[in-house]
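Have a look at the structure below, then the notes.
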Protein chains: 4
Amino acid sequence: MKIGKETIPHSAICTSNSETIVVRGKDLAVELIGNMSFTDYFHLLVTGQPPTPAATAVLNATLVAIAEHGLVPSVQASRMTLAAAPDALQGAVAAGILGCGSVILGASETSGIFLEEIRVRAGDGQDYDKAARQVVGEYCAARRAIPGYGHPLHKARDPRVTALFAVAERAGADMTYVHIADAVEKVIPEVVGKSLMLNVSAAIPAVLLGVGFPMTALRGVPILARTAGLIGHLTEEFQKPIGFALSYQATRNYVYDGELPDNFTPDHA
Amino acid sequence: MKIGKETIPHSAICTSNSETIVVRGKDLAVELIGNMSFTDYFHLLVTGQPPTPAATAVLNATLVAIAEHGLVPSVQASRMTLAAAPDALQGAVAAGILGCGSVILGASETSGIFLEEIRVRAGDGQDYDKAARQVVGEYCAARRAIPGYGHPLHKARDPRVTALFAVAERAGADMTYVHIADAVEKVIPEVVGKSLMLNVSAAIPAVLLGVGFPMTALRGVPILARTAGLIGHLTEEFQKPIGFALSYQATRNYVYDGELPDNFTPDHA
Amino acid sequence: MKIGKETIPHSAICTSNSETIVVRGKDLAVELIGNMSFTDYFHLLVTGQPPTPAATAVLNATLVAIAEHGLVPSVQASRMTLAAAPDALQGAVAAGILGCGSVILGASETSGIFLEEIRVRAGDGQDYDKAARQVVGEYCAARRAIPGYGHPLHKARDPRVTALFAVAERAGADMTYVHIADAVEKVIPEVVGKSLMLNVSAAIPAVLLGVGFPMTALRGVPILARTAGLIGHLTEEFQKPIGFALSYQATRNYVYDGELPDNFTPDHA
Amino acid sequence: MKIGKETIPHSAICTSNSETIVVRGKDLAVELIGNMSFTDYFHLLVTGQPPTPAATAVLNATLVAIAEHGLVPSVQASRMTLAAAPDALQGAVAAGILGCGSVILGASETSGIFLEEIRVRAGDGQDYDKAARQVVGEYCAARRAIPGYGHPLHKARDPRVTALFAVAERAGADMTYVHIADAVEKVIPEVVGKSLMLNVSAAIPAVLLGVGFPMTALRGVPILARTAGLIGHLTEEFQKPIGFALSYQATRNYVYDGELPDNFTPDHA
């Protein structure tokens, strides 16, 4: 069935003949394997260009920052899935990635769009405080969350934020979006009425947009990073399984609040 | 419900308090972000140890080798999924990863187990040719495919294999499994009756086992690598969509070989 | 980590002791197995109530209508995934379901919300034509697609729409949303400037809302239905595999529009 | 890339022109919608034939039996995934389905193969006790689990087993596989050394094979059924979210057993 106008598939990423695999214009076996780190290759795949040294530093830092944060919901889902289906590692990884949505992890892109909105609003004058106050005010009026601000555990500034900003500065990255992100944190108390600190989902776009990483690929960074974290957990799950223990603990205090047939008595009641 | 004996979840990967995130014994924000590449961090997450320089070189090379090979089935599945569900990048990545199974990409682990079987069989004498002949013979007798040998496109040796072996040698990695992989390629014609060249799914375990990468994590390497490739393709899909064009082309020559009701005539018949 | 306020998991769907499984207040083994069809059980699971006869008829009709439409993108993705990972049927089903997104199949819910918007707008006067003209006009002004109208293949009214409306009428269902859906089709040419016929994604909510099926569960109907279709295709894939043939055809006319290294010549060039 | 020999996609499930959708030889809109239940349509899709009345009864019973069993691991994974990615219902369903693996739910197919092995072994003499003793003995010797026997909660016979066998008998199904399943349960204590009662994963193939349902589609039954259960839970999750509560409870007793940096003190220590 024909859906849409385009009928010929085309791509600028890869082609090959029986001897050579070409990726982004380079001979994979001769020019890339052994000559490029995985992080730089990821940049090449996504943008078509090798990264600048600043982009390498910042991209590595963001991938390291977001790959792992303990037994978060997506890791639990992934480990439970491996426990139930140990033959299919790819399925357990997929189950974990499916939790990289708009509420958790996916906020990097939403936050990048938000920071860009303030940059455009500020225009040539670059009064980021004023633009931040306006845009945050509009989000509040529309009852939208400020994407990338506030964290259930890290009430003070998330330590990863400070580390990422330091890496960007040391690498000589453009700090525009970092300044915007700081401006937002500063104006939030007066506009929103409570303090919400920058979290890692705002810091990631702030530093990546400063090294030219494309907005449309932002959401890919937490997904790639988290895949590494998931593989770490699933390797441990093969050795010391806890998937079913997590599931057991999760429901120890479970309350059934529906109807019961006559004569039903819970075990250990 | 209690399944299995373990009821208390434990892990050696990560813990945190409100100020510090600890990963594998290190302070994430202070010791890791900005001080470690993503590849090295992946090694740390999976094994608990930072890599040796040889392991860094080899792990980067394998991740680069396997991340991208054009519009393979899993990439097609992923781009079609994004076309149908553009709001959920994580879903499109997951659909692509689900194609990293036993036939495609998942062969790295199977192949690693196969190479290890030969190493153990060879014992102290290290006569890899003899051990390879035995084990390949047993696989043939059991009608099992030789995992990591043969490729639909690359009839000569896959160029990525040569590149990976060169990286391992240059990095000073233990070449035992590489020698075993070569021995298998050499004995296949006489045992199997036709030539099957080493492909990248045998080369990856051959070089990774030589730098101490754990067998149980082998299958994670193509999955992590392919995630990077998928994000490259999905970023392109957002800009120049071909998901529906792929699906249209796939069925242009479609043959329905079931029954038809009376009076049904195909369009354009 | 605590996210959100709720910490005790509760549910009104199921509980059990060592002898009895209770679902929605009924003893599963005694009252439900053998006494209820799967469709009626689905209704009970989702709403907490067994369906009326009208709801049974309409729910069956919608599930049958949307389960199967040939080698659509999600089916192709699913069959390719099984070809690559034949050990994991659940992974191939999951890959297919991931294509039930906002563009394809997921439109049932969006369309239901759209029809409800018109019903509320019409108010007590029930002038659906006028309310439809207003709401369609607002969607146009906001450059939003009219969800559930237009189809790439069925330019006349999709035959499934007629069939679903007939089932609803015969079953004695409330036809309010059907009338609204018709009104929208009637006003579209003058407001949008071209004809867009009702498709199955508008017909499904139109008939289901008329038998009290909840709005929040609408999107589940195409997902459940499509799962049945996917299992049909995957059973065929095990017997007569075409996953790789689809993938081969999809790229026969593939155009690489990126750069090439010197001396690279495509095969068969 | 060409993988395998087949290059033309063909299927006997569905074709269409601009006016008619044909499924398994029938006009979908005219002959199927409104005239067939979803369960019967599932049978038609998978096997190419409408079910006998016995097959309808048994298939409904198995789908009802396995759709729902409370907050099992796959349901937890699914609800956590929706909590993290509420925009993508299809992703949460997919995450739940990915837990239908070899250990949980996927056992239906393995168990069906096991029962068939005994049937073939018994041959014309139909001494199922003897054949069961042999095959169970071989599984024990090979340290393989007896698929479909034993349950963590239901130590007496799972009540769903009794209900399914009663439905099959009442419907006039062929009871051969049921007798084999009973024979296995009877011989297990003497061969294995402990009692392992029939669970629902053996009862499902026992009754379905008796109405001609194909072995290769067995694993699809729990997947389809569980999809209905997941949609029930996810509809509840939209109304009364517990995804994050489950995740919080799961780790309340979490033990980190890795190294710690100096000076790290857990919160509330």
Side-chain angles (χ1 to χ4, degrees), chain A residues 2-4 6-9 11 13-16 18-19 21 23 29 32-34 36-39 41-42 45-46 60-61 63-65 67-70 89-90 93-94 97-98 100-101 153-154 159-160 163 167 216-217 219-220 223-224 227-229 231-232 235-236 238 242 244-246 248, chain B residues 2-4 6-9 11 13-16 18 21 23 29 32-34 36-39 41-42 45-46 60-61 63-65 67-70 89-90 93-94 97-98 100-101 153-154 159-160 163 167 216-217 219-220 223-224 227-229 231-233 235-236 238 242 244-246 248:
Chain A
K2 196 174 146 189
I3 310 175
E6 189 61 63
T7 59
I8 303 294
S11 167
I13 298 177
C14 180
T15 190
S16 54
S18 56
E19 282 140 40
I21 300 167
V23 177
L32 302 175
I33 296 173
M36 202 174 221
S37 74
F38 180 52
T39 300
Y41 190 54
F42 175 54
L45 284 169
V46 167
N60 269 318
L63 289 164
V64 169
E68 173 59 34
H69 198 187
L89 178 63
Q90 76 276 14
V93 174
I97 286 174
L98 288 168
C100 298
L153 176 62
H154 305 290
R160 297 170 292 180
V167 169
T216 50
R219 201 169 180 175
I223 290 178
L224 178 61
T227 303
I231 293 167
T235 304
E236 190 183 66
F238 277 125
I242 59 166
F244 291 141
L246 287 165
Y248 166 70
Chain B
K2 195 175 148 188
I3 310 175
E6 188 61 63
T7 58
I8 301 295
S11 168
I13 298 177
C14 180
T15 189
S16 54
S18 56
I21 300 167
V23 177
L32 302 174
I33 296 174
M36 201 173 223
S37 74
F38 180 52
T39 300
Y41 190 53
F42 175 55
L45 285 169
V46 167
N60 269 317
L63 289 165
V64 170
E68 173 58 34
H69 199 187
L89 178 63
Q90 76 278 13
V93 174
I97 286 173
L98 289 168
C100 298
L153 176 63
H154 305 291
R160 296 169 292 180
V167 168
T216 50
R219 200 169 182 176
I223 291 178
L224 178 62
T227 304
I231 293 166
H233 277 283
T235 303
E236 190 183 64
F238 278 126
I242 59 166
F244 290 140
L246 287 166
Y248 167 70

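Both backbone and side-chain heavy atoms feed into the values below; hydrogens, waters and symmetry mates do not. Lettering follows sequence order; numbering is per chain, from 1.
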Using a cut-off of under 4.5 Å for heavy-atom pairs, which of [options] has the most such pairs with chain B?
options                : value
A:T227, A:I8, A:V64    : A:V64
A:A217, A:A228, A:C100 : A:A228
A:L32, A:V167, A:I242  : A:I242

Specify the closest pair of heavy atoms between [X] and [Y], including all atoms of both residues, with the distance to one decimal.
X      : Y      : result
B:C14  : A:G70  : SG-N, 3.3 Å
A:A29  : B:A163 : O-CB, 3.4 Å
A:L45  : B:A67  : CD1-CB, 4.2 Å
A:Q90  : B:I97  : CB-O, 3.4 Å
B:A65  : A:I33  : CB-CD1, 3.6 Å
B:P159 : A:E19  : CG-O, 3.2 Å

Can you tell which part of B:T15 gets under 4.5 Å to a heavy atom of chain A, answering side chain, backbone, both or neither?
-> neither
Should B:Y41 and A:L63 count as side-chain neighbours, where that means a heavy-atom distance under 4.5 Å?
-> no
Taking side chain as C-beta onward, heavy atoms only, is A:V93 less than 4.5 Å from B:L98?
-> no
In terms of heavy-atom pairs under 4.5 Å, which option from B:G220, B:P9, B:G229 contacts chain A the most?
-> B:P9
Let me know if A:E236 has heavy atoms under 4.5 Å from chain B in its side chain, its backbone, both or neither.
-> side chain
Atom CG of B:L89 and atom CD1 of A:I223: how far apart are they, to the nearest 0.5 Å?
-> 4.0 Å
In Å, rounded to the nearest 0.5 Å, how long is the span from OG of A:S11 to NE2 of B:H233?
-> 5.5 Å
Just jot down the side chain to side chain contact (heavy atoms under 4.5 Å, CB included) partners of B:S37, sequence neighbours excluded, or say none.
-> A:N60, B:T39, B:D40
Considering residues at least two apart in sequence or located in another chain, which fulfil the side chain to side chain contact (heavy atoms under 4.5 Å, CB included) criterion with B:T216?
-> A:T235, A:Q239, B:P214
